[in-house]
Amino acid sequence: MTANIIDGKAFASGLRGRIGALVPAFVARAGRAPGLAVVLVGDDPASQVYVRSKHKATVEAGMQSFEHRLPADTSAQALLALVADLNADTCVDGILVQLPLPPHIDDKAVLAAIDPAKDVDGFHVVNAGKLAVGEQALVPCTPLGSLMLLKDVLGDLAGLHAVVIGRSNIVGKPMAQLLLQQSCTVTIAHSRTRDLPAIVRLADIVVAAVGRAEMVRGDWIKQGATVIDVGINRVPANEPGQTRLVGDVAYDECTQVAGAITPVPGGVGPMTIACLLRNTLVAAHHRAGLAAPVGL
Ligand code: NAD
């Protein structure tokens with residue numbers, strides 16, 4: 001058996017197209033475009049790439065992009081003052097503070113300062129709490145995108161056993177909450193889990209969000225299971241001095257057993273930015289007192 005390769009790039013492109021098509025109707029009713037503010041502190045190269053792609057995607061969707069690049073020695077006080085300004089700015093619907101922040105800044109305090117209605121990353125405790133109790137919330141983009149791919153492949157997820165490997169606030173925990181909302185039976189595995197391969201073998205759905213290159217092996221996967229690989233790991237390539245990206249899943253092995261699998265790159269990654277635009281459009285509707293578009 002060879003797995004169906006889940007084309008996250010194509011799905012994300014379709015979603016971005018649908019979002020872009022909804023923007024003119026919002027502009028007509030609200031009298032302005034949805035606005036996303038992205039704040040980058042310091043010059044972490046990976047963060048710079050992410051921020052550039054977010055800006056490009058925002059503009060392509062017809063939204064306003066506000067970029068704030070601050071030096072690495074910015075004080076926590078100055079960053080919090082900027083967040084307060086963005087909270088008050090009526091043209092800003094979404095605020096994203098790119099993580100990681102420099103070590104002298106407490107990221108929890110910064111995330112807590114963002115207006116939950118503009119928290120398009122879904123990291124504020126108010127949104128995390130709403131997700132946990134099943135209220136309407138802004139949901140973290142990577143797990144939201146992963147869920148969209150799962151529903152696209154599998155349809156109804158009710159009753160399926162999902163094993164989420166990783167318990168971070170950004171991916172693992174919200175992913176587990178979303179799967180629970182879909183009536184999956186959810187197991188959350190983590191660094192202290194005993195006999196992880198045996199637990200993963202029970203799964204109809206495996207979501208790997210660990211940050212360890214190719215950790216999940218082919219013989220851990222139940223025949224026909226759906227595998228979502230969230231991991232992004234840079235490893236040496238065959239050519240000297242070159243690197244390549246791999247996921248948390250041993251892709252070549254797992255494609256022999258899984259029913260469907262996301263590749264890295266081209267799987268979950270593109271969904272994250274598409275879902276950021278989705279959350280910005282939804283936040284813009286709510287802030288303007290309009291019903292959010294259905295089916296996004
Ligand atoms: P994290 O470091 O915050 O969390 C990793 C989790 O993995 C922890 O909960 C830990 O308990 C668990 N873990 C560590 N070692 C383990 C082991 N040996 N066995 C089982 N569990 C183990 O990472 P994160 O922010 O959740 O990100 C996870 C991965 O997803 C990273 O590779 C990251 O780059 C990637 N990521 C991708 C996207 C995307 O857009 N595709 C977005 C966010 C994160």
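On a predicted model such as this, the values are computed, not experimentally measured, just so you know. Just so you know, these numbers use all the heavy atoms, side chains as well, and skip hydrogens, waters and symmetry mates. Counting starts at 1 for both ligands and their atoms, following the listed order.
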Report, in ascending order of atom number, the atoms of ligand 1 lying under 4.0 Å from any heavy atom of [X].
X    : answer
R212 : 15 (N), 18 (N)
G166 : 6 (C), 7 (O), 9 (O), 12 (C)
I165 : 20 (C), 21 (N)

Closest non-hydrogen protein atom to [atom], residue and atom name please, with distance?
atom                    : result
atom 21 (N) of ligand 1 : H190 C, 3.1 Å
atom 11 (O) of ligand 1 : S191 N, 3.1 Å
atom 9 (O) of ligand 1  : R167 N, 2.8 Å
atom 4 (O) of ligand 1  : S168 CB, 3.8 Å
atom 33 (C) of ligand 1 : I232 N, 4.2 Å

> salt bridge (charged side-chain N to carboxylate O under 4.0 Å, His left out) between D195 and R201: does it pass, once the steps are laid out?
Replying inline: CA-CA 10 Å; D195 201 356; R201 274 183 206 113; 5.3 Å; no
>> Please determine whether the number of non-hydrogen atoms from other residues, nucleotides or ligands lying under 6.0 Å from atom CZ of R29 exceeds 12.
In response: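 No - once you tally the heavy atoms of other residues, nucleotides and ligands closer than 6.0 Å, there are 12 at most.
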>> Taking atom CZ as the centre, does R212 end up with more than 12 heavy-atom neighbours from other residues, nucleotides or ligands that are less than 6.0 angstrom away?
In response: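 Atom CZ in R212 is not crowded, with 12 or fewer foreign heavy atoms closer than 6.0 Å.
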Which segment of [X] sits under 4.0 Å of ligand 1 when only heavy atoms are counted:
X    : value
T142 : side chain
T193 : neither
T272 : side chain
M215 : side chain

Tell me the nearest of [options] to [atom], using heavy-atom distances.
atom                    : options                : value
atom 30 (O) of ligand 1 : V230, N169, I228       : V230
atom 23 (O) of ligand 1 : V164, V171, V210       : V210
atom 29 (C) of ligand 1 : G211, A189, G269, C275 : G211

> Under 3.5 Å between some N or O of ligand 1 and some N or O of D248?
Replying inline: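 No.
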> When only distance counts, is I170 in polar contact with ligand 1, meaning an N/O pair under 3.5 Å?
Replying inline: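 Between I170 and ligand 1 (N or O atoms, distance only) the closest approach is not under 3.5 Å.
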>> Strictly distance-based, threshold 3.5 Å: is any side-chain N or O of N279 a donor or acceptor partner for the main-chain N or O of V120?
In response: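 Judged by distance alone, yes, a pair lies under 3.5 Å.
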> With no hydrogens and no angle check, is any side-chain donor or acceptor of N4 less than 3.5 Å from a backbone partner on A258?
Replying inline: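 No, because the side chain of N4 does not come within donor-acceptor range (under 3.5 Å) of the backbone of A258.
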> Do the side chains of N233 and L245 get nearer than 4.5 Å, heavy atoms only?
Replying inline: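 No, side chains not in contact.
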> Taking only residues two or more places apart in sequence, or in another chain, which ones meet K173 in a salt bridge (charged side-chain N to carboxylate O under 4.0 Å, His left out)?
Replying inline: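 Applying salt bridge (charged side-chain N to carboxylate O under 4.0 Å, His left out) to K173 gives none.
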>> Do the side chains of D115 and R287 get close enough for a salt bridge, i.e. N-O under 4.0 angstrom?
In response: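 No, no charged N to carboxylate O under 4.0 Å.
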>> Is it the case that the side chains of S65 and H55 hold a donor-acceptor pair, with the cut-off being a distance below 3.5 Å and no angle test?
In response: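 Per modelled atom types, H55 and S65 side chains form a pair under 3.5 Å.
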> For A209, is the nearest heavy atom under 4.0 Å from an atom of ligand 1?
Replying inline: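 Right, A209 reaches ligand 1.
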> For the residue pair V257 and G218, what are the closest heavy atoms and their distance?
Replying inline: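 Looking at all heavy atoms of both residues, the shortest contact is CG2-O, 3.6 Å.
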> Step by step, would you call D204 with K222 a salt bridge (charged side-chain N to carboxylate O under 4.0 Å, His left out)?
Replying inline: CA-CA 7 Å; D204 304 304; K222 182 164 84 176; 2.7 Å; yes
